[in-house]
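Here is the structure we will look at, set down as structure tokens.
Atoms within a ligand are numbered from 1 in the order they appear, just like the ligands themselves. Numbering starts at 1 and runs along the sequence shown.
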Amino acid sequence: MAGGAHTPVLAPTVRHFLDLSDAGGDALAAMLADAQDRKAARRAWPKGKADADAPLAGHVLGMIFEKNSTRTRVSFDVGMRQLGGTTLILDSGTSQLGRGESIADTARVLSRMVDAIMIRTDDHAKAEELAHNASVPVINGLTDRSHPCQIVADLLTMVEHGKALPGLELAWLGDGNNVLHSLLEAAGIFKFNVRVGTPQGYGPEPAFVAMAREAGSRVLLTQDAHEAASGADIVVTDTWVSMGQEHVHNKLAAMAPFQVDADLMAQAKPDARFLHCLPAHVGDEVSEAVFESEQSLVFDEAENRIHAQKSILLWCFGKL
Ligand code: CP
Ligand code: NVA
């Protein structure tokens, strides 16, 4: 630079989606509306056919997987195709990440080669470091701390099954994990209430409870499964042993009273619905009777991962 003081050039704002609050209520509401519109417009089209407007034509999403995935992987891949774009996958076993290349360097390299990055990792700090060093949007496809993409699909599923979010009573049973954390964040944003039933020592991180309460949501924390399910509009559970926690012993015995079975569902409202992000361990966190019941929306919820990812991607690209 010839003479004069160096004036830092501010990078244009990049829209990362590490947690629901990165988008906020208005953007999330726009995502839910867009997802419903795009889903309705496609009807029975072949799943790989692009939407009429192909809004992400020419765009590439790089996906980093440090943990297993079926739904997140397939829904981002097919979702990008439906938006006119493409994807590629890096897993830690075959990329240089697995040989110790830093997250920061990976972020800077990928930012030159792809238009957005999704990461599924064991450590939320890695997703934050990736976003800090990337000049393209970074999306959290699940960390130990949160799973925001899942919750956009869950909100979509509730709304399309006629559940108004403000004032809704949502019961969570079992392990106080990453999925619950993002649900608590959503509760604060959309003003619904959460009744959390977990064994002692397995509750959610207090910061997520505080966030929801400060935003005006009622959060009940109880070790009584029936109290948690009482009067609920939506009953949600997840695996008792999340990825990376396989070493935890004696957990299953503590979780047993929190299985979502017909008796527990009977505590909820008669028109209550059941959600589970999947994969499920039927017979553990949910009985087969509930999993296969009319009340269970789990496969609608899984399909909605595609429609939700598309709206998340469009928001990240500034198209929503
Ligand atoms: N619900 C969910 O994230 O599923 P996968 O682990 O299969 O991606
Ligand atoms: N809580 C689960 C969610 C899987 C989609 C896990 O982290 O393994």
Side-chain angles (χ1 to χ4, degrees), residues 17-20 35 61-80 87 89-92 117-127 139-158 170 172-186 194 196-199 202-205 208 234-248 251-252 254-255 258-260 274-282 284-286 291 296-313:
F17 189 71
L18 298 188
D19 277 307
L20 296 171
L61 173 72
M63 302 196 281
I64 300 172
F65 284 100
E66 296 190 327
K67 289 179 168 180
N68 295 39
S69 172
T70 297
R71 279 145 290 270
T72 303
R73 174 176 171 162
V74 175
S75 59
F76 268 113
D77 191 315
V78 175
M80 270 304 275
T87 61
I89 290 179
L90 292 93
D91 62 64
S92 43
I117 306 167
M118 187 235 74
I119 182 167
R120 169 168 286 202
T121 178
D122 54 350
D123 182 357
H124 193 81
K126 289 190 198 171
I139 299 171
N140 171 3
L142 180 146
T143 67
D144 55 331
R145 190 181 107 113
S146 57
H147 196 4
C149 295
Q150 178 67 51
I151 301 314
V152 179
D154 289 9
L155 297 174
L156 178 59
T157 309
M158 292 185 230
L170 182 147
W172 175 274
L173 278 305
D175 189 26
N177 66 13
N178 44 6
V179 176
L180 174 58
H181 290 161
S182 292
L183 267 175
L184 286 166
E185 202 177 9
V194 187
V196 181
T198 64
Y202 293 102
E205 282 181 19
F208 283 94
I234 297 283
V235 178
V236 194
T237 190
D238 185 12
T239 179
W240 289 340
V241 182
S242 283
M243 290 181 278
Q245 297 182 346
E246 291 79 3
H247 58 282
V248 177
K251 193 173 179 184
L252 298 192
M255 291 288 162
F258 296 84
Q259 184 192 72
V260 180
F274 172 73
L275 294 180
H276 188 313
C277 65
L278 306 182
H281 303 78
V282 174
D284 283 346
E285 70 269 11
V286 56
F291 189 80
S296 172
L297 301 179
V298 297
F299 295 105
D300 285 353
E301 182 184 4
E303 179 194 331
N304 279 338
R305 292 297 304 280
I306 291 190
H307 308 296
Q309 312 305 27
K310 289 167 69 180
S311 61
I312 293 165
L313 286 160

Taking the side chain as every heavy atom from C-beta outward, state whether [X] and [Y] have any atom pair closer than 4.5 Å.
X	Y	result
H276	V236	no
L313	F17	no
D122	D144	no
S69	L142	no

> Around N68, counting heavy atoms of other residues, nucleotides and ligands shown, do more than 12 lie under 6.0 Å from its CG?
Replying inline: no
Does a donor on one side chain sit under 3.5 Å from an acceptor on the other, for [X] and [Y]?
X	Y	answer
T157	D300	no
H281	T239	yes
T121	E66	yes
Q309	S75	yes

With the criterion set at N/O pairs under 3.5 Å, what does the list of contacts between the protein and ligand 2 look like, atom names and distances included?
residue	atom	partner	partner atom	Å
ligand 2	1 (N)	N177	ND2	3.2
ligand 2	1 (N)	N178	OD1	2.9
ligand 2	1 (N)	D238	OD2	2.7
ligand 2	1 (N)	S242	OG	2.7
ligand 2	7 (O)	N178	ND2	2.8
ligand 2	7 (O)	S242	OG	3.4
ligand 2	8 (O)	M243	N	2.8

>> Before you tell me yes or no, could you show the steps for M243 and R120 under side-chain contact (heavy atoms from CB on, under 4.5 Å), namely the whole-Å CA-CA distance, both residues' side-chain angles and the distance that decides it to 0.1 Å?
In response: CA-CA 11 Å; M243 290 181 278; R120 169 168 286 202; 3.5 Å; yes
How far is [atom] from its nearest protein heavy atom, and which residue and atom is that?
atom	result
atom 2 (C) of ligand 1	R305 NH1, 3.3 Å
atom 4 (O) of ligand 1	R71 NE, 2.9 Å
atom 6 (O) of ligand 1	R120 NH1, 2.7 Å

Can you list the atoms of ligand 1 that are under 4.0 Å from a heavy atom of [X]?
X	answer
H147	2 (C), 3 (O)
C277	1 (N)
T70	5 (P), 7 (O), 8 (O)

> Looking only at heavy atoms, is any part of L278 under 4.0 Å from ligand 1, and if so is it the side chain, the backbone, or both, or is it neither?
Replying inline: backbone
> Does the N or O separation between Q150 and ligand 1 drop below 3.5 Å for any pair?
Replying inline: yes
> Contact between K67 and ligand 1, counting heavy atoms under 4.0 Å?
Replying inline: no
